[in-house]
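Since this is a predicted model, take the numbers as computed values, not measurements.
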Amino acid sequence: EPWIRLRRHGPLMLRVIAVIVGDTAAFYAGFVFLPDRLAERQPDLAALVQSVNTAMLALQAVLVLLGGWMSDRGGRRRTGLIWTLLLLAWLWPAWRLGLDDTLGGLVAAQLLLGVPAAIVFGMQGALVAEMCTGDCRCTVYGVSYGLGIAAFAGTVPVFATWMVDTKGWTQGPLAYLLATAAISAWVLWRMRPADLAALNREPG
């Protein structure tokens, strides 16, 4: 029966994956690939890089709460769309700064990627729950969220390393991040209150 439900809700699962892929891909690029790359290229900074990364993740934890608060007042879809568009706009400068092999560049890149991603994380769980009706919420939510992150976000560090360090395609990962953020923004822009009818908390 669970597999029958998955087949029946295939389009919904694709929308869920599309919603989450932009900010999660940016997160893995900014907080896994870029610090690991800098630590490898500047071994004397490795310990400091990890400390900075930890501090930036702590900042994200606070911003997630802010994102939830903003979405409660401004609406899930509206909050997600605004901050996903900001992420889309900041991706190019963040990527350029992140690849300059300096600690300052890493911090700037993580701020540009991490702030919008954290805000979106704060509203994302509620938004996805509102997209799923009660008869399939846990199944669709769990499978779509896990599959989306595993297939399209968690693989970013591996593919980015291959593109940048092996093939020399420094802009290859950026093109992927831009594409995923654009997909998320497009799906959020096309979303209507009726798409969130499961819990129906979207102000408009």
Side-chain angles (χ1 to χ4, degrees), residues 17-67 70 79-124 148-189:
I17 292 173
V19 164
I20 70 170
V21 71
D23 60 307
T24 52
F27 173 84
Y28 275 88
F31 291 86
V32 179
F33 171 72
L34 289 179
D36 284 354
R37 182 178 187 274
L38 179 57
E40 182 178 335
R41 295 173 71 89
Q42 303 281 359
D44 55 318
L45 295 177
L48 189 55
V49 166
Q50 294 306 315
S51 296
V52 167
N53 202 45
T54 300
M56 297 299 286
L57 288 170
L59 174 61
Q60 276 214 316
V62 176
L63 292 173
V64 166
L65 298 177
L66 177 62
M70 292 172 65
T79 300
L81 178 59
I82 290 171
W83 286 94
T84 300
L85 289 173
L86 287 173
L87 174 63
L88 186 61
W90 295 345
L91 274 169
W92 182 81
W95 189 251
R96 181 175 59 83
L97 290 165
L99 291 184
D100 73 357
D101 295 333
T102 66
L103 193 62
L106 175 65
V107 171
Q110 289 190 330
L111 284 172
L112 289 171
L113 296 175
V115 170
I119 297 295
V120 175
F121 284 149
M123 69 87 204
Q124 201 171 76
I149 292 176
F152 301 106
T155 53
V156 167
V158 175
F159 285 114
T161 299
W162 175 73
M163 289 180 184
V164 175
D165 295 336
T166 303
K167 294 297 183 180
W169 300 339
T170 56
Q171 303 307 309
L174 174 60
Y176 178 79
L177 295 175
L178 288 169
T180 56
I183 289 170
S184 293
W186 184 79
V187 172
L188 286 166
W189 177 69

| Aromatic plane relationship, Phe27 with Phe121 - under 30° parallel, 30 to 60° tilted, over 60° perpendicular | perpendicular
| field | Distance-minimising heavy-atom pair for Thr155 and Ala150 | value | CG2-O, 3.4 Å
Under 3.5 Å donor-acceptor pairs involving side-chain atoms of residues 105-116, not counting sequence neighbours:
from   : atom 1 : to    : atom 2 : distance (Å)
Gln110 : NE2    : Gly30 : O      : 3.0
Gln110 : NE2    : Asn53 : OD1    : 2.6

| task | Of all the heavy-atom pairs spanning Phe33 and Leu99, show the shortest one and how long it is. | result | CE2-CD2, 4.3 Å
| query | Taking atom OG1 of Thr79 and atom CH2 of Trp83, what is their separation to the nearest 0.5 Å? | reply | 9.5 Å
| query | To the nearest 0.5 Å, how far apart are OG1 in Thr161 and CG in Asp36? | reply | 7.5 Å
Which pairs of donor and acceptor atoms, one on a side chain in residues 44-52, lie under 3.5 Å apart (sequence neighbours left out)?
from  : atom 1 : to    : atom 2 : distance (Å)
Ser51 : OG     : Ala47 : O      : 3.2

| What pair of heavy atoms forms the shortest contact from Ala181 to Leu88, and how long is it? | CB-CD1, 3.8 Å
| query | Looking only at heavy atoms, which two atoms of Gly22 and Leu87 are closest? And how far apart? | reply | O-CD2, 3.9 Å
| field | Distance-minimising heavy-atom pair for Ala18 and Ile183 | value | CB-CG2, 3.7 Å
In a table with atom names and distances, give each donor-acceptor pair under 3.5 Å that connects a side chain of residues 167-180 to protein atoms at least two apart or in another chain.
from   : atom 1 : to     : atom 2 : distance (Å)
Tyr176 : OH     : Phe152 : O      : 2.6
Thr180 : OG1    : Tyr176 : O      : 3.3
Thr180 : OG1    : Leu177 : O      : 2.9

| Roughly how far apart are Met123 CE and Thr84 OG1, rounded to 0.5 Å? | 6.0 Å
| message | Quick check for you: to the nearest 0.5 Å, what is the distance between Ser184 atom OG and Leu85 atom CG? | response | 10.5 Å
| Minimum heavy-atom distance Ala118-Leu63, with the two atoms named | CB-CB, 3.6 Å
| field | Full working for side chain to side chain contact (heavy atoms under 4.5 Å, CB included) between Leu38 and Thr102 | value | CA-CA 7 Å; Leu38 179 57; Thr102 66; 5.9 Å; no
| query | How long is the gap from CZ on Arg41 to CG on Asp101, to the nearest 0.5 Å? | reply | 4.5 Å
| field | Value rounded to 0.5 Å, distance of CH2 in Trp92 from CG in Leu97 | value | 8.5 Å
| query | Are Leu103 and Gln42 close enough that some pair of their side-chain heavy atoms sits under 4.5 Å apart? | reply | no
| said: With heavy-atom distances below 4.5 Å as the criterion, would you say the side chains of Ile149 and Ile20 are in contact? | reply: yes
